[in-house]
Engineer: 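Below are the structure tokens for one structure; questions will follow.
Both ligands and their constituent atoms are indexed starting at 1 by order of listing. Just so you know, residue 1 is the first one in the sequence shown, and it goes up from there.
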Amino acid sequence: MEDIGLTEQQKEAIEYIDSPLLIVAGPGTGKTRVLTEKVIYLVKQGYNPNKIIVSTFTIKAADELRNRLRKDLGDSVENMQISTIHSFCQKMLQSFPEYHNFGNIFEVMDDLDQFLYVNRNYMWNFGLKEYVTEISVNELINFYNRCTENDVDPKKLVDHFKKNKGSDFEIAIAKSYEIYLANLLDPNNTRLDFSLLEREFYHLLQRNNEVLELVRQMYDYILIDEYQDTNPIQDAIFELITAPKYKITVVGDEDQSIYGFRGASVENFRTFLDRYPNAKKIELEENFRSCKEIVQTYDEFMKPHRTFEKEIFTSNPEYSKPVILYSDSRKSEGKEIVRFVEYLVQKCNARYQDIAILFKSVKFHSSEIIDELEYKKIPYTTKGEGSLFEQEEIKNLLVLMIYINSHYPNEKQKQWLFDHNILESEFLDLHEDTIEKLKNVADIYNLLESYDYATLKKLNVEQNDAQKLMGLKDLMTLQKRNSVSQLKLFYKILDATQYNYRLFKRYLEKKDADADIKIRNLAIFSKIIHKVENNTNSNHFKSFIDQLCYIPENKIEDAACIQDVDAVNLMTIHQAKGLEFPIVILAGVTHKRYNTNNQNDEFIVEIPKKLMMNKSNFNRSEEIRRVFYVGMSRPQKVLAISTIDGKYFKPSQFIDEIGLNNFIEADNFSQIISDNDHYIPNVEKSNLSFSSISTYISCPFRFFCRDYLGFQTPPGYFQAYGVIVHNCLKKIHVMMKEGKEIDITDVVKIVDMYCKDDESREEWRNELITDLYNYYEKACGFIYDVLDVEVPFSYINKNISINGQADLVIKNTNEEIELIDYKSRYAEYLSKMNVDTQLRIYNLALANRYNEPIKKISAYTFKDNRRIFFDNSNVELEKTKSLIKSIIQNVENKEFERNWEGPICKTKAGLCEFYQLCNMMEGDTKNGR
Ligand SMILES: Nc1ncnc2c1ncn2[C@@H]1O[C@H](COP(=O)(O)OP(=O)(O)OP(=O)(O)O)[C@@H](O)[C@H]1O
């Protein structure tokens, strides 16, 4: 290990592996660096990278860590288990399919899926109809997750309330959890929520010693980051796996535990030393991030409230005491903060991007500051404002969907969506004359019924406008006759109104930032439409819009904001966790938002401690202190705290606790931000999947829309079938790898496992049983040994990594290593699928995985049982390398040509979703096709 720049404490934390280790690390003391170096150290000590688990708090943190480790460890990190705990549990459940009800293929519900599921069921199916007015679905979900993460037995919960004279409400909520859990645990269900993944894996380990032993053998060392924010069941899982070797290091900071409201338990951290044999504690106390005054301020602030004594210090020089900004109202706070921002930029050499303004809630607390930033034309980006549903392009799109689906809006929808006249919108872009003429005849809730071709003709409406208006009306007529999915309709609306065309033109030709944002918002919205439709299981627009109306903003992606510009950053303190900025302004530090008066848990129903794994109380006031502490410890140079002392707001007690003499007024701040201290934006490595590369080869413009901008396209008919075939094959191959003989009853079982719904049973089951059995018999003829099934890989090139999974690697009967990709179709389709490039990329990525070279690459077409070989000579592999290089370069240079001959452009199944858009754009230059 290179020890340049590591402190003694850091070195010790990296090299200590003799017993369980708790690294207690203050803010900015280099936790991430220590974690990375420790993994490298372990590998250098001879630990097998595939037998190390690194558990991170977010997927982003896992990706970042993997990227850092690649630099030192190269390919060997590809199969290292670096992930969130959820993903780890998912992988483990999939690895032991025969020991639980879900097999190895099940879907994981993300937060939005879970919301949609509960929202659709809680009233009628979970028995909570009576309590609709008292329940927020968000709180209900919080309660369910808390129960699951504490392994609460639902029956005991219901009994508890019954025996202890619980209210009807308490009993009903407890019963609803019982139903929720029973539904998800039903063997016919194929979806699990995040918490349930953990609970199921925990139960599996508890009830099955064989699995526990196998998992223990699979891993030699466990590292857990952000340990202070783990929940009880996560901790219990690792405690089970790590015994009896106890090769474990956990890293965390109890002062930065801020997810208790979501079920994290800081107790895991506080009791680690008591629970693990001979556990050692190492403290990281030297802060490398902030100037002396800032470190002293937050250390003094937290000192009296710590369980583990520590003293954070820094060798960084003095720079400035924290700045205090006073105002007397929210409006004047907006002005005061923006005045300080301007001062920093104009007089102190700061750049906008050096500055982060942090809030408890961006959505509720930032509007005055945003108004002022806009008034002063200061660029800013927001995270966590989450107002996608308030963007005009989204609202207008929904209004048009309402018309086309002949839906009459309810009061809530009227208030939300009909607060403006769509006739005047940019979405329709009608002539002033047309708007005037239509205003007199149009029913705003029922626009498309208010006119027909004759009306438009009589009113003498301009031709292009008439075309758009009739286009929409035709969609309504078609929808009445033969309703299509809302996602398909989404594209048809964009085509009929030519809105996408106008936005893309502005964006591509004029680099218009507003058009860029609107396009990206539409792309985000297309994904939400897809999710809601998937979860609604109904073609009725009413169910669709009802569900959509209730989605809380924290369950969806934020609206898009400007990119690649020097802009002030606005975000919540939770989002800023783990980040650092030269200048941080904590906004709205008032008593109402930051106080320690609120001592209690506030959950929809109190869960009795005796039924929970975590017996300690969650203390909200302690947590709000920690949130404030996390905010204070983000800046490198300048910490400013803004508060309000006026009629409605008083300063937070935290300001008193820090002591006014420890601040300076904004007017007395006179430091200069040196050129070396500016914020350096993180260049993120882009990840491309193989399917996106394939899309690029087929048509770069489709890649641009789908993979670069993120537009969701409706899944094709063959996709569902392909997924089932792949799952069945995977199962067959795993069994072959385990050396099991397979007979027809096994095949029937496998097919039934994956053809679960009525539709796929009716359509595919019988044929699939025959095809799969035939395949198995054939496969026995060419497979000598199965080496890997669905092996994940990454092929890295500069800033882009291509990720994928190869279906199968075998030793064939000629004893050569062969890589096979399965296609669920006939061989004649292969020419359209770039399968040769695909296999060569796999070949490049997996070249060093085996002791021998990969001799053959082949595609197997399942429909006609053909195995087709491709050339993987060095010459061809080199050509593929150059092809990837040029694709990556083109993506970086944003070169996205249209390919009118592409395989998806115009097929029997229909046109590409972006065909009309291309046609219109091309029409500008070629005058139509
Ligand atoms: N030994 C060292 N010498 C100099 N700088 C260091 C050293 N170790 C870490 N750093 C730097 O200190 C800063 C903070 O490190 P890091 O982000 O890993 O801290 P952290 O402990 O994760 O902080 P937090 O918990 O506040 O998010 C980084 O800029 C990092 O490069």
Engineer: Under the side-chain hydrogen bond (donor to acceptor under 3.5 Å, both in side chains) test, which residues partner N50, sequence neighbours left out?
Structural biologist: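 Scan of N50 (side-chain hydrogen bond (donor to acceptor under 3.5 Å, both in side chains), adjacent residues dropped) gives none.
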
Engineer: What about Y629 and F301, are their ring centers closer than 6.0 Å?
Structural biologist: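 No, they do not, as the ring centres are separated by 6.0 Å or more.
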
Engineer: Please name all residues satisfying ring pair (Phe, Tyr, Trp, His ring centres under 6.0 Å) with F57, sequence neighbours left out, ordered by chain then number.
Structural biologist: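 Once residues adjacent in sequence are excluded, the partners of F57 under the ring pair (Phe, Tyr, Trp, His ring centres under 6.0 Å) criterion are Y259.
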
Engineer: Test K38 against every option in I52, V251, L21 by the side-chain contact (heavy atoms from CB on, under 4.5 Å) rule and name the one that passes.
Structural biologist: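 Output: one option passes, namely L21.
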
Engineer: Any idea which residues sit under 4.0 Å from ligand 1, heavy-atom distances?
Structural biologist: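 Under the 4.0 Å cut-off, ligand 1 touches G5, L6, Q10, G26, P27, G28, T29, G30, K31, T32, R33, Q256, F288, R289, G578, E580, R634.
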
Engineer: For S315, give me all partners under side-chain hydrogen bond (donor to acceptor under 3.5 Å, both in side chains), at least two apart in sequence or on another chain.
Structural biologist: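 side-chain hydrogen bond (donor to acceptor under 3.5 Å, both in side chains) list for S315, sorted by chain: E286.
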
Engineer: Are F663 and Y326 an aromatic pair by the rule of ring centers under 6.0 Å?
Structural biologist: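 No, they do not, as the ring centres are separated by 6.0 Å or more.
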
